[in-house]
Number of protein chains: 2
Amino acid sequence: MAASQTNQALIRLREMVFTGELSPDSNHYEADLADQLGMSRTPVREAALTMQAQGLVEVQPRRGVRILPISAEDMAEIYDVLCELESLAAARAAEKSYTADDLRIAQVCIDNMDTALSNQDRDAWASADDRFHTELVRLGGNARVAEIVARYTDQVRRARMMTLPLRPLPVQSNEDHRAVLFAIENRDAQSARSLHRAHRQQASTLLTGLIREFGLRRL
Amino acid sequence: MAASQTNQALIRLREMVFTGELSPDSNHYEADLADQLGMSRTPVREAALTMQAQGLVEVQPRRGVRILPISAEDMAEIYDVLCELESLAAARAAEKSYTADDLRIAQVCIDNMDTALSNQDRDAWASADDRFHTELVRLGGNARVAEIVARYTDQVRRARMMTLPLRPLPVQSNEDHRAVLFAIENRDAQSARSLHRAHRQQASTLLTGLIREFGLRRL
DNA sequence: GCATACATTAACGCATACGTTATTAAGGGG
DNA sequence: CCCCTTAATAACGTATGCGTTAATGTATGC
């Protein structure tokens, strides 16, 4: 990817959205963002339009760029999508007769999650979890599925980060991952699909529950 | 949606992509497109960037805007996605206890397909089929699912149109639709899901088969 | 004859400028 | 005191221009 101003703006703005530096439901004028990023309005505007197509922001005349918040309902919608497509990917991966070596990256991610878990390092766990899901979807071999999963993972990234400290230590999660990978290794597509589906439904229930329980309004 | 130049460009360019006026795998300079559309490069460029995020074109420096072609493999990928998400929508719709009146639009679409079929009017059939799938997904109640389905339907729209005359009359298809709608009406989520899944797999096999059989390279 | 270096060209990236238009606030009428 | 009209403001939409840069063709040397 070219290091153009537009791409710089994209990278930086995404970062600002994910970290909450631009808070959910806040509005920002193109000119202000341009000043902050040290460039003119044009590349900022182009980046904003791209991010709008990705569902991260909304561009409205005279109201600037609005950072889209995530509600519990949004979360439920997105996890429904992730649930279907990731479990499809798991099934497809199981059909591909991968060798243990093909699955090494996924294995490493799981190991990293275990390590993070025993260190009670939630950030490291979340990072490894993210990589595991990305790798799983890559193993599924459908680039569109991978793209959609990446996009919607982006949409919930901030909300996940903000609720991370509220979650119980994800012990069950790691066992789920192992089971899914085991099914893929054993070429059991049915199990891989249903195990992963259950895993994601679990996560969905947990997260939407947390948001509702804590009355989190602007994620 | 504002009737801005950018939106005009979006509408017109999408049209040109769908009809094949801009042929698959062809490149077009921003300045040329701007001339054709009677506007400056700026709105054309913005529209092109949005369409790039939607997976319709690719914008590359000094190569202009490239209309992305659809291969049999792309088709298979996209139908895998549509298959999962539409059948999810069908299941969700079945869980919603819709009344016959709620399902009237879908019913009308099916009737229109029947009429078109008996008139051997493939275009009318395709149009009603499109509306049926859109309505089904709307009934599912998940806006993200609806958005993804719309986007990927766009990606295969041109290829579907071009292969339409090659297809046998879709008699089976209409029966499938009735069965899915029947299951939704009867609140049988399992059946709705599996029936629709089978329906889409059928379509996928048919279309990818056609593309391969006729050696269609640039769709 | 082929490869490499260089010059030429033009498409793009981005800054800038300006007219348009929605918003907001102020003022006047009810 | 509230509502409506109107004027001021400023953010945006889009045209334009220019420096940058990649692609292409040419010339030169091996």
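Below, all heavy atoms of this structure are taken into account, side chains as well, without hydrogens, waters or symmetry copies. So that the names make sense, note that chain A is the first sequence line, chain B the second, and so on, each numbered from 1.
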Exercise. Which parts of residues 25-33 of chain A get close to DNA chain D, meaning a heavy atom less than 4.0 angstrom away?
Worked result: A:Tyr29, A:Glu30
Problem set entry | Of residues 44-59 of chain A, the positions that come close to DNA chain D - non-hydrogen atoms, cut-off under 4.0 Å | A:Arg45
For this session: Report the distance from atom CG of A:Leu10 to atom P of C:dC14, rounded to the nearest whole Å.
Result: 11 Å
Exercise. Rounded to the Å, how far apart are B:Gln60 CD and D:dT21 C1'?
Worked result: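 Checked: the CD to C1' distance equals 15 Å.
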Around [X], counting heavy atoms of other residues, nucleotides and ligands shown, do more than 12 lie under 6.0 Å from its [atom1]?
X	atom1	answer
B:Arg63	CZ	no
B:Arg104	CZ	no
A:Gln202	CD	no

Problem set entry | Position toward the 5' end of DNA chain C (nearest nucleotide), A:Arg41 or A:Gln5 |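 Final value for this comparison: A:Gln5.
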Problem set entry | Carboxylate-amine/guanidinium proximity below 4.0 Å for A:Glu21 and A:Arg12 | yes
For this session: Would you sort out whether B:Arg45 and A:Glu46 count as a salt bridge (charged side-chain N to carboxylate O under 4.0 Å, His left out), showing the intermediate values?
Result: CA-CA 9 Å; B:Arg45 189 176 160 79; A:Glu46 290 183 355; 2.7 Å; yes
Problem set entry | Any donor-acceptor pair under 3.5 Å from B:Asn7 side chain to B:Ala2 backbone | yes
Exercise. For C:dC14, does OP1 or OP2 lie under 4.0 Å from any side-chain N or O of A:Thr6?
Worked result: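 Yes.
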Problem set entry | Residue-phosphate contact under 4.0 Å: B:Thr42 side-chain N/O, D:dT16 OP1/OP2 | no
Problem set entry | B:Ser127 side chain to B:Arg131 side chain, donor-acceptor N/O pair below 3.5 angstrom |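 The answer is yes; a qualifying pair exists.
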Problem set entry | Intermediate values then yes/no, salt bridge (charged side-chain N to carboxylate O under 4.0 Å, His left out), A:Glu86 and A:Arg193 | CA-CA 8 Å; A:Glu86 286 188 10; A:Arg193 187 191 283 258; over 6 Å; no
For this session: Would you confirm whether the ring centroid of A:His133 sits within less than 6.0 angstrom of the ring centroid of A:His177?
Result: yes
For this session: Please test A:Asp129 against A:Arg160 for salt bridge (charged side-chain N to carboxylate O under 4.0 Å, His left out), starting from the C-alpha separation and ending with a verdict.
Result: CA-CA 12 Å; A:Asp129 180 61; A:Arg160 287 182 46 153; 3.0 Å; yes
Short N/O separations, protein against nucleotides 22-25 of chain C, under 3.5 angstrom:
residue	atom	partner	partner atom	Å
C:dA22	O4'	A:Arg62	NE	3.0

Problem set entry | Cationic tip of A:Arg157 above A:Phe18 ring, under 6.0 Å, 45° of axis |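 Yes, A:Arg157 lies over the aromatic ring of A:Phe18.
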